[in-house]
Amino acid sequence: MPVLVVKDGPGPGTQVPAQLQRIPIPLLSPTSDCTGKTVKGRVVHKGPLVSMGEDNYVLKTVIQEEDSQQNMSPEHSSINIILFGALAKDYSESVSQGDMLLVTGFTVGNSPTAQKDKLHACNLQLAGDDAWMYVWPSTVSPRASVPRKRTSPASTEVTKAVKVVKYTYVPLSDLKPGVVVNVYAVVTFFKQPFRTKGTDYCSTLKITDQSNKKVGCTIFCDKLEEHPKIFKMGDVIRLHRVKTQLFNGAISLLTSHGFSVVTFDGMVGSPVVPRTSSGSFKFGEEDCQVVEALRTWAANQSLVPAEPCVPLSAVQPKTYFDLTCQLLATAPVDSSCTLLKVWDGSKCPHPLLDVFVEPNTLEGSPTLSKDMANLTANVLVYDNHVEVARQFKPGSYLRIYNLHAVPGASRLPSNDSGQSDQTGHLGFHLHGGTSYGRGLRVLPEDSPDILDLKRILETFSESDINDSSMFEVWSTPPESFGTAPDEIATERTCDHTVEQVSLAEVKSRGPPQVFHVQAQLKSYQPQRLYQSLKLFCHKCKTIELPSESPSRTLTLLMSSQLMGKGKAKELIFLKGATLEETCRIASAYSNIVPVTSPQGTMTPLDLSAPFLFRGTKRYYGCKQCSQLKVGESLGEGVEVWDEKSVADALGVQLLQYGLLMKLELQDGTGSLEALLWRDAESFFHVSAEDAAADQEAQDRVQETMDRLCPPGSSTAERPWMDLCLSAYTVEENGQRRACYQICHTDTRGTNPHTHPYAAPSDT
DNA sequence: GCTTAGGTTTTG
């Protein structure tokens, strides 16, 4: 019983070589040059194996090209294939009608049956060592056969001639002990990989398929990334080369040599995207069909008893649940415990436990405002999960499995000082061990659940932007402060001498004037620091918020003028892309300009969206001052494309990034609100443009604010600041009022080693 | 080199 699979391993030999070029069947003629060419189609007819004497066979089969142009008649896209010798025998035994077939090393002849069968006027003939064949099986075979290498000497020659990539998938109910098989199934239980006492990580699964048999599966592998990427129950899994084994009277599956795994989202209708770290796995349209069949079947089976994923808004105390969330910050607690601060944008009806940690041990954004809004969940991760959790970076998206909602105060040492009574507040524990699938993992940003979560989190920040207290900041024109800036001294280290005064005195003296004050930071806005990023126009002085473009359909366009100069890739026009798509494309090209093309002329979008993407940076244009050039000649004589030359070429008045914050200062005599705007970049030692694109720059701003106003700190704990204040008058609706701005002040010295602009040493 | 785990709640 020879089974024909010669190479069933995921080695390079099973890949269709990339240099082969496919010929559409309708274009085949007896004069076609067939060297290095392939023909592909579905097997629509498979004739009997005809013996012509000892070890000599002939077999006729018909394949039909499925993706031929629609106006081609079917007779031109279907062709006879004649197979000779051992190849015919192997084909007969391993290929079925409905399989997808790709052949190479063929010759083209005239089809003697063209008149009769009305198929292609030519046929393909395959014989000898040059003929190769790749087969993708169309359906899950009910046979419990196992692909394996031929061993008889006679077959060795055949193996040179044929390569058949064919996997047979065995229904779980048909598994017999002691064989290596491939299976397709739906995951009904899983544990994220955990360390064993041996050399490997272990994943424990329970799977089922249409045969309704439930089978346990244990995966050992020393590389985490080669473990199945299972995100939730109901995911579809494809296992290659797993070994059946009797354990406690039942069949179970275990990894065997050459094991590989691919998983898929289990939701009916979601795209069939294989999740794998392997670069050489096989995946064809037949796999799509199997995945979809399993999804549809599982959808009617109630395999997953209750939805384990619960948002914070629906968490019940004392229950276990799965949480899908974004990581805000982490802090190590001790060797067997790590704190994760997370949110999912939903508001928990029960008060959430706050866990205070030393700010210098916290990695990630401040969560103060979200803490106050009862949005931040504090998750304590114990024992075996600590190793996993400490790899996570703030901002990433997580799923935490079997999280325990525990009412009552945390017993963390830092919490014992008793600032507030948190009895009954909900804390979350990921206990040690792996019972009930306890564990946690990062989910990719493009997985369906995370796309949903992102939408929720975005909605949340948009509603936050409309916070009325922020309007005051935005409507204040900071550029209108009056007195000569040169007279304003810097902080205490400056040579300028202005008598230091109290905040009460600043208010009583009024503008226009410059003051030296010593004060502490009482509060600041915006708490979400990315909201401090503003765009402003040097020409007309307007300030805007960065915004994003809506979804459209996507077209890549290139400038014909640039193409003529061989520079087409330096400036790409992109039509109808979403923000996310644009960002992806921007990582591959130096300059991306989103456009619309009404009446066929390329026009930059209205300037509420970036007009240019350069790498991670986005550039905006002023709506009032830009005079867009439509369909005009582009960039004559431009040698270097950067944001300025692109803006010039498009007629865009480039907006500059700026940082705008409102700081509430206090000293013993009172409090006063001051803006940080004109000198914000030197204050923070970052450029606003960097802060718009670079997490590290944003972190630096955050660190500075955390030093001035440590999260959870009392007033007494906050440092004093030497500040230069400029007082000026603003006219609004005919009303004049005093405004204050912090100028010529920077935070150098507070933590000099972290500042790239710190004074150079003498060496 | 060829085991490891084999679902079923920490005790913070």
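- Whole-Å rounding puts the A:D334 CG to B:dT10 C1' distance at 15 Å.
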Reading nucleotides 1-8 of chain B 5' to 3', which nucleotides get B (base under 4.0 Å from a protein heavy atom), which S (sugar-phosphate only), which -?
-> B-BBBBBB

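- Sorted by first and then second residue, the side chain to side chain donor-acceptor pair (under 3.5 Å) pairs with a member in residues 264-276 of chain A read A:D235-A:R275, A:T263-A:R275, A:D265-A:S270, A:S270-A:R295; sequence neighbours excluded.
- Comparing the C1' positions of B:dG6 and B:dT10 gives an interatomic distance of 22 Å, to the nearest angstrom.
- In this view, A:E292 satisfies the salt bridge (Lys or Arg N to Asp or Glu O under 4.0 Å) rule with no residue, not counting sequence neighbours.
- In this entry the distance linking NE2 of A:H404 with P of B:dT10 reads 10 Å, nearest Å.
- Contacts of A:G216 with the nucleic acid, taken as non-hydrogen atoms under 4.0 Å apart, are absent.
- Where A:R438 and A:D383 each meet DNA chain B at their nearest nucleotide, the meeting point lying more 5' is that of A:R438.
- Looking at residues two or more places apart in sequence or on another chain, you find a ring pair (Phe, Tyr, Trp, His ring centres under 6.0 Å) between A:H431 and A:H404, A:H429.
- Every residue two or more places apart in sequence or in another chain that forms a ring pair (Phe, Tyr, Trp, His ring centres under 6.0 Å) with A:F428 is listed here: A:F321.
- Side chains of A:Y397 and A:D449: no donor on one and acceptor on the other come within 3.5 Å.
- For the side-chain contact (heavy atoms from CB on, under 4.5 Å) test, residues two or more places apart in sequence or in another chain that qualify with A:F194 are A:K191, A:C202, A:T204, A:T434.
- Its glycosidic angle being more than 90° from 0, B:dT9 falls on the anti side.
- When rounded to the nearest whole Å, the span between NE2 of A:H429 and C1' of B:dG12 equals 7 Å.
- Remark: P of B:dT9 and CG of A:D322 are 16 Å apart, rounded to the nearest angstrom.
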